[in-house]
Amino acid sequence: MSENPLRICHLTYVHNRYDVRIFHKECKSLASAGFDVSFIVADGLPDEIKDGIKIYGVPKEASKIKQILRATKNVYKKAVELNADVYHFHDPPLLPYGNKLKRLGKTVIFDSHEDFPRQIQGRSWVPGIFSGMVAYVLEKYEDYCCRKYDTIISATPYINERFKKVNTSAVNINNYPFLNEFKIESSAQGKKEPNSICYIGGITEIRGLTYVIRALEGTNIKLHLAGGIVPQAFEEKLRSEAGWKNVEYHGHVSREQLREILNVSVAGIVTFLPLPNHVNAQPNKFFEYMSSSIAVIGSNYPLWKAIIEGHNCGLCVDPQDVEAIRKAMEYFVDNPAETEAKGKNGRKAIEEVYNWEQEEKKLVALYESFM
């Protein structure tokens, strides 16, 4: 790297300053490669330097509307003040400011973590009758902006194919786990709870946990459930299910606590409901399960089946079929040798294909092309 490294600024108004994809993967990888990396986040916390990355906190607003209207503007103002060479932003509401940065002659990258128009169609606050129209308008605006940017980074192949149609420089950088973060040593296998399944991540109705908890009823299977449940009414609904007595609810957990839960589980479940943004998604969860050498129970979507069943590391089921979910969980609890074999297959796939170390090379190469 030269004495005057490329100055890179990541922008977000909604993610936290230690976000796994933005901070721990992208920012750290770029800093390790010798780039000058800053990260602006609207969390209202003090500025700091961590792991060589300069983090700038701008005010956090009280409501979602104010976050979109004010926090995005504050993020942009700070970005202009830093006068970086490359701006890499992560939230669709920052698209108008990406346009402004292009007009200032900057290199601009939009990092699409989700298929936003399809994601909107699964939101409860968008009335179903209008969701298709809202998604259409958002997609057209997103496409209009992204034609102008220097490149689009997408977190899945499906999203990348969409953006390739409007920006031929679009590149897919998957959100795969670090190679060794969740690696379980063979000496830890004795800690397994032979009847335990886990789910780790955000807990909302569209993620299918109602059906999972109903599938626990009448079994001796324990579900380690970790993550925030929203809204509160949904938590109350889950707790009213008969299968809740089989749940050990951990709430929000640290990465170390996450490792411990994975360590004691024989399988992990991720059965998101069949919404447009889910069918072609690649949830981090099943890669984390694979990384920790436990079997995976996933939804029976073609892309998910290609990964889970293609690598013989789990089973795919209809996410709304309680009996199918129950049978899959019982299979892994009742067949420990087969379950362990599938867990090893998943780990092998992580080591060969699905790891951040492979994706990091693509990210660094992209940035080197801007020098």
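Along the sequence shown, residues are numbered consecutively beginning with 1.
- Hydrophobic clustering of Ile, Leu, Val, Met, Phe, Trp and Tyr side chains at less than 4.5 Å, counting indirect connections, unites Leu225 with Val266.
- Salt bridge absent: Glu81 and Lys77 never bring a charged side-chain N and a carboxylate O closer than 4.0 Å.
- In this structure the side chain of Lys25 never reaches within 4.5 angstrom of the side chain of Glu359, judged on heavy atoms.
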Stepwise salt bridge (Lys or Arg N to Asp or Glu O under 4.0 Å) check, Glu217 with Arg214: CA-CA 6 Å; Glu217 185 178 355; Arg214 287 175 182 169; over 6 Å; no

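- Within a 6.0 Å radius of NZ in Lys102, more than 12 heavy atoms belonging to other residues, nucleotides or ligands are found.
- In this structure, Thr271 and Pro319 approach most closely via the heavy-atom pair O-CB, 3.5 Å.
- Counting non-hydrogen atoms of other residues, nucleotides and ligands closer than 6.0 Å to NZ of Lys362 gives a total above 12.
- With no hydrogens or angles considered, a side-chain donor-acceptor pair links Asn284 and Asn175 at under 3.5 Å.
- Ring geometry for Phe39 against Phe23 counts as parallel: the plane angle stays under 30°, on a 0 to 90° scale with 60° as the upper cut.
- Hydrophobic clustering (side-chain heavy atoms under 4.5 Å, transitive across Ile, Leu, Val, Met, Phe, Trp, Tyr) keeps Val86 apart from Leu11.
- Hydrophobic clustering, with ILVMFWY side chains joined whenever heavy atoms are under 4.5 angstrom apart, groups Ile197 together with Ile200.
- Side-chain contact between Glu61 and Asn74 is present, with at least one heavy-atom pair separated by less than 4.5 Å.
- Side-chain contact check for Met290 versus Pro177: every heavy-atom pair is 4.5 Å or farther apart.
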Worked verdict on Asn83 versus Lys106 for side chain to side chain donor-acceptor pair (under 3.5 Å): CA-CA 9 Å; Asn83 192 30; Lys106 302 298 183 179; 2.6 Å; yes

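- Residues Ile152 and Ile109 form no side-chain contact, since every pair of their non-hydrogen atoms from C-beta on lies 4.5 Å or further apart.
- Taking a cutoff of 4.0 Å between a charged side-chain nitrogen and a carboxylate oxygen, Asp43 and Lys60 do not qualify as a salt bridge.
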Trace of the side chain to side chain contact (heavy atoms under 4.5 Å, CB included) decision for Leu223 with Met329: CA-CA 10 Å; Leu223 176 68; Met329 292 193 294; 5.7 Å; no

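- How far OG1 of Thr156 is from CD1 of Ile173: 12.5 Å, rounded to the nearest 0.5 Å.
- Residues Trp356 and Glu181 have side chains not in contact (no heavy-atom distance under 4.5 Å, counting atoms from C-beta outward).
- Salt bridge annotation for Glu340-Lys192: absent, with no cationic side-chain nitrogen under 4.0 angstrom from a carboxylate oxygen.
- Residues Gln257 and Ser254 approach most closely at OE1-N, 2.7 Å, considering heavy atoms.
- Within 6.0 Å of atom OH in Tyr144, 12 or fewer heavy atoms from other residues, nucleotides or ligands are found, so the atom counts as exposed in its surroundings.
- Following chains of ILVMFWY side-chain contacts shorter than 4.5 Å, one can reach Val80 starting from Leu95, so the two form part of one hydrophobic cluster.
- The only member of Ser32, Ser29, Cys27 that meets side chain to side chain contact (heavy atoms under 4.5 Å, CB included) when paired with Val37 is Cys27.
- Inter-residue side-chain proximity for Leu366 and Ile153 is flagged as met; some heavy-atom pair is nearer than 4.5 Å.
- Expressed to the nearest 0.5 Å, how far NE2 of His224 lies from CG of Leu262 amounts to 10.5 Å.
- Around atom NZ of Lys164, more than 12 heavy atoms belonging to other residues, nucleotides or ligands sit under 6.0 Å away.
- At most 12 non-hydrogen atoms from other residues, nucleotides or ligands lie less than 6.0 angstrom from NZ of Lys348.
- Classified by interplanar angle (parallel below 30°, tilted 30° to 60°, perpendicular above 60°), the ring pair His15/His113 is tilted.
- Counting heavy atoms from C-beta outward, Leu315 and Tyr331 have side chains that approach closer than 4.5 Å.
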Evaluation steps, salt bridge (Lys or Arg N to Asp or Glu O under 4.0 Å), between Arg347 and Glu351: CA-CA 6 Å; Arg347 177 65 201 179; Glu351 292 175 350; 3.0 Å; yes

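- Stacking of Lys285 on the aromatic ring of Phe272 is not recorded, the 6.0 Å distance cut-off and the 45° axial limit not both being met.
- Taking the ring centre of Phe332 as origin, the terminal cationic atom of Lys342 falls outside the region bounded by 6.0 Å and 45° from the ring axis.
- Checked against the 6.0 Å centroid threshold, His24 and Phe178 do not count as a close aromatic pair.
- Heavy-atom contacts from other residues, nucleotides or ligands closer than 6.0 Å to CD of Gln232 number 12 or fewer.
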Worked verdict on Phe89 versus Phe110 for ring pair (Phe, Tyr, Trp, His ring centres under 6.0 Å): CA-CA 5 Å; Phe89 70 97; Phe110 173 45; 5.1 Å; yes

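- No hydrogens or angles considered: a donor-acceptor pair under 3.5 Å links the side chains of Asn99 and Tyr149.
- Leu69 forms part of a hydrophobic cluster together with Ile65, judged by ILVMFWY side-chain heavy-atom separations under 4.5 Å.
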Pair Lys327-Glu330, salt bridge (Lys or Arg N to Asp or Glu O under 4.0 Å): steps then yes or no: CA-CA 5 Å; Lys327 286 180 178 179; Glu330 288 177 335; over 6 Å; no

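- With contacts defined as side-chain heavy-atom distances shorter than 4.5 Å, the pair Gln358/Tyr176 does not qualify.
- A distance of 6.5 Å separates OH in Tyr367 from CG in Leu363, rounded to the nearest 0.5 Å.
- For the pair Arg207 (side chain) and Gly201 (backbone), a donor-acceptor distance under 3.5 Å is absent.
- Atom NZ of Lys148 has more than 12 heavy atoms from other residues, nucleotides or ligands within 6.0 Å.
- Under the 4.5 Å side-chain heavy-atom criterion for grouping Ile, Leu, Val, Met, Phe, Trp and Tyr, Ile8 is not connected to Tyr13 through any hydrophobic cluster.
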Chi angles and distances behind the side chain to side chain donor-acceptor pair (under 3.5 Å) call for His88, Asp111: CA-CA 7 Å; His88 183 150; Asp111 195 324; 2.9 Å; yes

